[in-house]
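Below is one structure, written out as structure tokens; the observations come after it.
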Amino acid sequence: MPLSFAKPGASSLPLYLTTPEDLEARLASLEPAQVVWARAQGFSASAGAVCLLPGADGIAGALAGLGSAKERARQRFSLGAVRPKLPKGTYRLETELTGDTLDEQLLGWLFSGYVFDVYAQKNAPEADLIAPEGVDAARLEAIALGEALTRDLINTPANDMGPAELEFAARALAEEHGAEIAVTTGTALLDDNLPMIHAVGRASPREPRLIDMRWGQSGPTLTLVGKGVCFDTGGLNLKPGSSMGLMKKDMGGAATVLGLAKMIMALDLPLQLRVLIPAVENAVDGSAFRPQDILTSRKGLTVEINNTDAEGRLVLADALALADETPPDLVISMATLTGAARVALGPDVPPFFATDTRDAAILSRASAKVADPVWQLPYWEPYETMIEPGIADLDNAPSGGMAGAITAALFLRRFVTETPRYMHFDIYGWCPSPLPARPKGGVGQGARAILAALPELLDL
């Protein structure tokens, strides 16, 4: 999988990045015959357009379009659309781009090298690129590899990605980076006071578990919590077939925090990292938890079950309560949690919630900086009564159908009482149609924004 740059000093062809606004200036720098050729090809520098340039010995380079200002505002990673169109060879960028804008395009190049070919043969792009001077190539490669891990985990179907396989992936990551890992499985969850994780997963023959990975010996403390529902039937509130079709991605929160953890560890950030993943399959049999059951959580809060399809917040609640018992500097949870978030913001923009206004501002700036969009929604206090059913402390699925993303976030916040700084991301984890550098399928969301924000969030 070509997720790295070519070695510096390799023989290479120029790849001229250009926009419609600067096309004439770019053409003026070429050989006259190349200009005639480019005009004859109708090259207009639209996003992802490519024009191979002739030379005495064949191809002498290529023009690559980044698109108009409107196209660039609407589309990220234009260079990712260019790479598959280039013939085999090694290229070097000729561009005026610098800083974050250049990094975005280079990540687009790396991301476009991703293919998921476990079950069918697929061809990866054969074009290589030398990273421009001054670019932190190692950092970009680490980000690309973390993203690839996230995509692989989400794309793997549930028959090959159950709780045990998710544990295996976490163990492989821990071994790669020298992290410690402990796993609590099956009825041991009850012994260790993780009752809601057990309740959600007990109907499946694939035992539920809590994965607990730790890395780093010094520095500020960060705990990542990822929803690991490896398949969600909806439980006894069974989903219709149309809603069940993408439920292999319901462990997208776990996949994303593992991808982010891979980035953090590969870059050797000076912090202490903990990753908690409740890994379950929400299945149906005689032992499945039921509507109107009341579960007692690790925190001691009781939860009335009004819909067994609102299971993600239950497993997250126990994991968050565990994290909160030894409060880190920052807790971040990531989950494919609510359809309401998709209705509000669509598949591309995950909402996030933050208990600290400064953290929210830092994250929003980082999101824009690295082209990893997120959008803040509020922990809206007046909606707290919506998650209080009266018969128990909390309701896992408030009636009415309104503000679903917010009420889910408020529910989770009830389990983080000792850690002042808590952020929650309600991600989709899926690209519904092909985009530059993002094929249809699993995709990371929010991880790059968090990574970019960590130095300021944790004073690294």
Side-chain angles (χ1 to χ4, degrees), residues 1-31 34 38 43 45-53 55 59-69 71-72 75-114 124-148 263 266-268 366 368-372 436-438 448-449 451-452 455:
M1 188 181 297
L3 295 174
S4 59
F5 294 109
K7 293 182 179 180
S11 177
S12 60
L13 297 172
L15 182 61
Y16 301 98
L17 299 191
T18 186
T19 66
E21 296 88 347
D22 64 15
L23 177 57
E24 290 304 316
R26 175 61 72 191
L27 291 175
S29 69
L30 303 179
E31 296 293 328
Q34 294 174 336
F43 180 77
S46 59
V50 172
C51 179
L52 301 179
L53 299 173
I59 297 173
L63 291 166
L66 293 179
S68 65
E71 285 180 298
R72 297 194 300 275
Q75 177 176 292
R76 296 174 284 156
F77 305 129
S78 295
L79 191 56
V82 167
R83 186 180 185 183
K85 300 175 184 177
L86 293 171
K88 184 177 181 179
T90 301
Y91 298 83
R92 66 181 184 276
L93 289 188
E94 299 289 342
T95 179
E96 303 301 317
L97 298 181
T98 59
D100 299 325
T101 306
L102 177 58
D103 282 353
E104 176 197 332
Q105 296 303 332
L106 292 172
L107 275 176
W109 177 279
L110 293 177
F111 288 166
S112 67
Y114 174 84
E126 295 187 299
D128 288 325
L129 183 71
I130 297 172
E133 290 186 10
V135 166
D136 190 344
R139 178 180 177 85
L140 296 180
E141 289 171 345
I143 292 171
L145 289 170
E147 170 71 14
M263 298 175 199
L267 295 171
D268 199 24
K369 177 181 172 71
V370 299
D372 188 16
R438 288 153 292 163
R448 291 187 299 109
L451 184 72

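For the numbers below, each heavy atom of this structure counts, side chains included, while hydrogens, waters and symmetry mates do not.
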Under the criterion side chain to side chain contact (heavy atoms under 4.5 Å, CB included), I'd like the reasoning laid out for L451 against D372: C-alpha separation, chi angles, the key distance, then a yes or no.
CA-CA 10 Å; L451 184 72; D372 188 16; over 6 Å; no
Contact between [X] and [Y] at the side-chain level, heavy atoms closer than 4.5 Å - yes or no?
{"X": "L106", "Y": "L129", "answer": "yes"}
{"X": "L27", "Y": "F43", "answer": "no"}
{"X": "V370", "Y": "I143", "answer": "no"}
{"X": "E147", "Y": "R448", "answer": "no"}

What pair of heavy atoms forms the shortest contact from [X] to [Y], and how long is it?
{"X": "G67", "Y": "E71", "answer": "CA-OE1, 3.0 Å"}
{"X": "A49", "Y": "V82", "answer": "O-CG2, 4.2 Å"}
{"X": "S68", "Y": "P20", "answer": "N-CD, 3.7 Å"}
{"X": "A449", "Y": "A366", "answer": "O-CB, 3.5 Å"}
{"X": "C51", "Y": "A38", "answer": "SG-CA, 3.9 Å"}
{"X": "A142", "Y": "A266", "answer": "CB-CB, 4.1 Å"}

How many angstroms lie between atom [atom1] of [X] and atom [atom2] of [Y], to the nearest 0.5 angstrom?
{"X": "I130", "Y": "L15", "atom1": "CD1", "atom2": "CG", "answer": "11.5 Å"}
{"X": "L52", "Y": "K85", "atom1": "CG", "atom2": "NZ", "answer": "11.5 Å"}
{"X": "D128", "Y": "L13", "atom1": "CG", "atom2": "CG", "answer": "11.5 Å"}
{"X": "E126", "Y": "L86", "atom1": "CD", "atom2": "CG", "answer": "11.5 Å"}
{"X": "L267", "Y": "D136", "atom1": "CG", "atom2": "CG", "answer": "7.5 Å"}
{"X": "L110", "Y": "F77", "atom1": "CG", "atom2": "CZ", "answer": "10.5 Å"}

Using modelled atom types only, decide if a donor and an acceptor are shared between the side chain of [X] and the backbone of [Y] within a distance under 3.5 Å.
{"X": "E141", "Y": "L3", "result": "no"}
{"X": "Q105", "Y": "L79", "result": "yes"}
{"X": "R26", "Y": "T18", "result": "no"}
{"X": "R83", "Y": "W109", "result": "yes"}

Surrounding NZ of K369 (heavy atoms of other residues, nucleotides or ligands, distance under 6.0 Å), is the total greater than 12?
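It does not: K369 NZ has 12 such atoms or fewer within range.
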Could E21 and R72 be called an ion pair, given the rule that one side-chain N must be under 4.0 Å from one carboxylate O?
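Between R72 and E21 there is a salt bridge, with a charged N closer than 4.0 Å to a carboxylate O.
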Knowing that exactly one of L93, L23, L30 qualifies, which makes a side chain to side chain contact (heavy atoms under 4.5 Å, CB included) with Y16?
L30
